Amino acid sequence: MDETLTGGCLCGQIRYRITAAPVEALYCHCRMCQRAHGAPVIAWLTVPLDAFAVTAGDPAAYRSSAKAFRHFCGDCGTPLTWREAANPRFVDVSIATLDDPEPGRAAAAHLTQSQIGWFEIADHLPRYPTNERPRLAL
């Protein structure tokens with residue numbers, strides 16, 4: 001990756017930096033993400049955990065399931081990341097929180113079995129009803 005990606009929350013209290021190329025970018029349609037973000041679909045960028053650093057503030061954490069933590073700004077509520085609870089190697093970063101979200105173009109949609117019926121998507125990306133999808137060899 002030629003440049004560092006930066007981002008943060010709505011109020012500016014939380015800032016972060018990404019220093020490695022993303023390993024995946026996708027849309028998630030699961031009900032948990034929909035509820036956590038208050039949106040019909042969430043765009044995530046997955047990066048190695050050691051390439052992600054919070055540079056300002058201290059995000060709050062919420063254990064949204066036995067599998068994962070979600071981090072967000074405790075002041076403005078902006079959802080920022082999702083990461084596995086046990087032995088995380090990667091972190092999913094909400095693409096919309098990047099200062100420049102253009103490099104975070106999603107390449108697939110997953111968990112589409114939970115897609116809200118009235119939410120139509122006019123792209124031609126591969127769609128996966130469950131979390132079973134091809135992944136990069138990591």
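Please read these numbers as outputs of a predicted model, since none were measured by experiment.
When every heavy atom of Leu80 is checked against every heavy atom of Cys73, the shortest pair comes out as CD1-N, 4.0 Å. Between Pro48 and Val23, the shortest heavy-atom contact is CD-CG1, 4.5 Å. Counting all heavy atoms, side chain and backbone alike, Ala51 lies closest to Ala20 at CB-CB, 3.3 Å. The heavy-atom pair separating Pro40 from Gln34 by the smallest distance is O-NE2, 3.2 Å.
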**Message:** Set out, in order, the CA-CA distance, both residues' side-chain angles and the distance that settles side-chain contact (heavy atoms from CB on, under 4.5 Å) for Lys67 and Trp82, then state yes or no.
**Reply:** CA-CA 10 Å; Lys67 183 177 181 177; Trp82 180 99; 4.1 Å; yes

**Item:** Working for ring pair (Phe, Tyr, Trp, His ring centres under 6.0 Å), residues Trp44 and His37
**Value:** CA-CA 12 Å; Trp44 292 111; His37 290 250; 5.2 Å; yes

**Request:** Take Tyr16 and Thr81 through the test side-chain hydrogen bond (donor to acceptor under 3.5 Å, both in side chains) and record every step on the way to the result.
**Result:** CA-CA 11 Å; Tyr16 63 80; Thr81 66; over 6 Å; no

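Heavy-atom neighbours of Arg15 CZ from other residues, nucleotides or ligands within 6.0 Å: above the threshold of 12.
For the side chain to side chain contact (heavy atoms under 4.5 Å, CB included) test with Glu24, the passing option among Leu45, Thr46, Val47 is Thr46; the others fail.
Both tests hold for Arg63 against Phe69: distance to the six-membered ring centre under 6.0 Å, angle to the ring axis within 45°.
Residues Leu49 and Leu98 fall within the same hydrophobic cluster, defined by Ile, Leu, Val, Met, Phe, Trp and Tyr side chains chained together at heavy-atom separations under 4.5 Å. At a threshold of 4.5 Å between side-chain heavy atoms, the hydrophobic network of Ile, Leu, Val, Met, Phe, Trp and Tyr places Phe72 and Val54 in two separate groups.
The closest donor-acceptor contact from the side chain of Thr78 to the backbone of Leu10 lies under 3.5 Å.
Defined by atom type and a distance below 3.5 Å, a donor-acceptor pair is present between the side-chain atoms of Ser64 and Arg70.
Using a 4.5 Å heavy-atom cutoff, the side chains of Ile95 and Pro101 are in contact. When side chains are defined from C-beta on, Cys9 counts as touching Cys76, because their heavy atoms get closer than 4.5 Å.
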